[in-house]
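Counting begins at 1 with the first residue of the sequence. Below, each value reflects all heavy atoms present in this structure, side chains not excepted, and no hydrogens, waters or symmetry copies.
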Amino acid sequence: MVKLTPEQQSAFIKKAPKAFTPCSGAWGRQGCTNVHLPFATKTTVRAALTTAAKNIVARSGASQVKSPHSRKGATARSAHRLMS
């Protein structure tokens, strides 16, 4: 599952309808999106994860994201590298 905006969710579903479906109920209407890995490519999954991570950083207003692998904060760019 990835947390996208409703607009982003719509774009991912349009691009790969077998790979992405909205979660049920209010969560799905708010952008929570199920990822069906057997139907998804690495490229689309990576794009969805990167988009979701950027949403979290933007929403928190934080310039740093704490890495679970380090005691120091990592910049958004470093967080992207961790997901790659």
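- In this structure the side chain of Val2 never reaches within 4.5 angstrom of the side chain of Thr51, judged on heavy atoms.
- Ala19 pairs by the side-chain contact (heavy atoms from CB on, under 4.5 Å) definition with Ala16, Phe39, Ala40, not counting sequence neighbours.
- For residues 8-17, every residue pair satisfying the side-chain hydrogen bond (donor to acceptor under 3.5 Å, both in side chains) rule, not counting sequence neighbours, is listed here: Thr5-Gln8, Gln8-Asn55, Gln9-Thr33.
- Sorted by first and then second residue, the pairs that involve residues 18-30 and meet side-chain hydrogen bond (donor to acceptor under 3.5 Å, both in side chains), not counting sequence neighbours, are Thr21-His36.
- The side-chain heavy atoms of Leu4 and Phe20, taken from C-beta on, include no pair separated by under 4.5 Å.
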